[in-house]
2 protein chains.
Amino acid sequence: MKLHVSPDIFPPRGHEAKRLSIVDSAATVFCREGFAGANIDLIAAEAGVSRQTIYNHHGDKEKLFVAVVRDLTERCNAGIFATIATFPDRPNDLEADLIGFAVRLNQNCICNRDGKCLRKLIQTEGERYPELFAEWREQGPGRTWPAIAARFARLAYGGYLSIADPDVAARQFLGLVNAELQTTFMLGGTPREDEVVQSATNGVRTFLRAFGKRPAPSSAKKHTALANA
Amino acid sequence: MKLHVSPDIFPPRGHEAKRLSIVDSAATVFCREGFAGANIDLIAAEAGVSRQTIYNHHGDKEKLFVAVVRDLTERCNAGIFATIATFPDRPNDLEADLIGFAVRLNQNCICNRDGKCLRKLIQTEGERYPELFAEWREQGPGRTWPAIAARFARLAYGGYLSIADPDVAARQFLGLVNAELQTTFMLGGTPREDEVVQSATNGVRTFLRAFGKRPAPSSAKKHTALANA
DNA sequence: GACGATTTAGACAAGAGTGTCTAAATTTGT
DNA sequence: ACAAATTTAGACACTCTTGTCTAAATCGTC
């Protein structure tokens with residue numbers, strides 16, 4: 001009588017569950033050890049399946065690796081678009097809202113397990129699988145960056161910002177809010193939340209000094225957007 | 001009776017040359033294949049020495065790896081400090097001078113062979129050798145970033161910039177001028193020169209919008225620094 | 001409870017890589 | 001040219017890993 005066992009996953013809940021569990025553990029091990037250093041037996045142990053099951057599902061090590069990257073790309077993309085949906089279109093407090101967005105982006109998409117794994121795999125194996133990671137580049141940054149740029153363009157159109165090239169601004173926004181986390185990211189570490197907030201705060205302030213509309217000394221035509229809502 | 005054997009060069013002249021050649025080739029192979037994937041025979045072949053010579057010099061694979069990272073850190077640091085020495089202290093054209101500095105930093109220290117190798121090794125093996133790369137963090141960013149910050153502080157003191165926290169400004173400068181190269185760096189690629197110039201130009205312009213002293217609409221006291229030299 | 005599909009453990013062959021050893025060849029200093 | 005140090009090539013033992021195979025155990029479903 002197992003009435004309240006977690007209905008979702010952990011125990012072998014069938015064929016597809018095992019496939020998931022395998023890809024999941026493989027992501028962890030590939031991320032930690034790299035492709036060459038990863039050991040199928042270790043992946044099997046971590047996934048709680050036998051080695052043979054992995055071969056049954058995925059054929060060989062390389063196909064398993066490809067499945068892992070595709071899976072991570074898809075999940076990360078979903079997370080990023082979900083976060084982009086929280087972009088402040090009609091900000092009350094522009095600075096605070098942009099800082100919040102930057103922190104969410106970092107915590108939910110870059111510093112989480114999937115984001116960390118995918119980043120590591122791109123860094124370590126990017127040169128070995130050009131076509132696979134070219135695909136990632138198109139599906140990942142190739143779609144998310146323009147989406148972010150579009151949000152900044154809307155902010156500019158609404159009079160909140162003064163932006164010449166939204167694509168450049170979007171990339172620079174990401175560069176700024178991550179400026180203080182670069183070293184940690186390079187070493188594969190995970191920054192503490194207060195570090196993320198600090199970097200985002202500093203980054204957004206600089207971003208607004210560059211692209212914000214100064215209310216005081218401007219002589220340009222007046223922009224009414226700041227007064228609405 | 002060895003009267004004047006220099007105490008430094010006990011072993012013959014070719015000895016040290018071989019050591020160099022080994023570390024050099026090892027850097028290339030470790031960078032390309034990662035630690036686990038690197039093959040001592042391949043390193044030996046690429047260095048033009050026998051495998052046994054590598055073991056004579058470095059003991060084992062791990063010690064060789066450590067020697068490679070130390071060597072790269074030292075050489076990259078030297079390059080970065082040499083480039084920092086070209087930082088514009090009394091700029092004629094602030095924008096152009098900062099763009100030039102950013103491009104030099106990228107081309108001579110980040111995109112060159114040593115820089116690319118070191119970055120890759122940090123990314124791929126950073127978690128496996130915490131103390132080794134902690135050492136890099138101290139010797140590398142821990143020393144170069146404050147040096148750059150000091151130069152920005154001097155620019156601010158000279159009236160060319162308006163900076164509250166030079167350390168933050170330095171990190172953001174680096175984040176901005178590299179903002180458009182992130183994806184390429186992640187994949188282990190080398191950006192074309194025009195991409196580097198483009199990213200640096202966009203980055204410096206934004207940096208100056210945030211930290212530059214506006215000559216035109218300002219009502220503040222005039223700053224004479226721009227007129228000298 | 002029974003049947004078919006899936007999973008499992010373990011053995012296995014084949015290949016690759018590390019690190020050691022030895023004897024011969026080469027280089028270096030005098 | 002000689003003697004010492006160094007380098008070399010190759011063989012070697014050992015370990016580790018991948019991918020296959022088989023027979024038994026387990027699971028899902030009726």
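Note on naming: letters A, B, ... go to the chains in the order of the sequence lines (proteins, then strands), and numbering restarts at 1 for each one.
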**Study point:** Proximity to the side chain of B:K18 - top-ranked nucleotide from D:dT20, C:dG19, D:dT7
**Key:** D:dT7
Point to revise | Nucleotide nearest A:Q52 (side chain, heavy atoms from C-beta), chosen from C:dG10, D:dT8, C:dT18 | key: C:dG10
Practice item. Take atom CG of A:L42 and atom C1' of D:dT18, then tell me their distance rounded to the nearest Å. Key: 15 Å
**Study point:** Distance below 4.0 Å between B:N39 side-chain N/O and C:dT18 OP1 or OP2
**Key:** yes
Practice item. Return yes if some donor-acceptor pair links the side-chain N/O of A:S199 with the main-chain N/O of A:E195 below 3.5 Å, else return no. Key: no
Review point. Any donor-acceptor pair under 3.5 Å linking the side chain of B:T206 with the backbone of B:N202?
Key: yes
Exercise for review: For B:G37, report the nucleic acid contact type (base, sugar-phosphate, nothing); a contact means any heavy atom under 4.0 Å.
Suggested key: nothing
Practice item. Please determine if B:R119 forms a cation-pi arrangement with B:F185, meaning its NZ or CZ atom is less than 6.0 Å from the six-membered ring centre and no more than 45° off the ring axis. Key: yes
Exercise for review: Between D:dA9, C:dT7, D:dG19, spot the one nearest the side chain of A:H57, thanks.
Suggested key: C:dT7
Check your understanding: Across the strands shown, which category fits A:H58 at heavy-atom distances under 4.0 angstrom: base, sugar-phosphate, nothing?
Key -> nothing
Practice item. Quick one: label A:A36 by what it contacts on the DNA or RNA (base, sugar-phosphate, nothing), any heavy atom closer than 4.0 Å. Key: nothing
Practice item. Please report, rounded to the nearest Å, how far the P atom of C:dT18 is from the CD1 atom of B:I40. Key: 5 Å
Exercise for review: Scan A:A44 against the nucleic acid and name what it touches under 4.0 Å (heavy atoms): base, sugar-phosphate only, or nothing.
Suggested key: nothing
Exercise for review: Look at the side chain of A:K61 and decide which nucleotide, out of D:dT8, D:dG19, C:dT8, has an atom nearest to it.
Suggested key: D:dG19
Study note, to complete from the structure: Side-chain atoms of B:R51 come closest, of D:dT8, D:dA11, D:dT18, to D:dA11
Revision key, fill the gap. Side-chain contact check for B:T53: nearest option of D:dT20, D:dT7, C:dT18 is D:dT7
Revision key, fill the gap. Given the options A:W145, A:F207, A:F211, A:F87, A:F173 meets ring-ring contact (aromatic ring centres under 6.0 Å, His included) only with A:F207
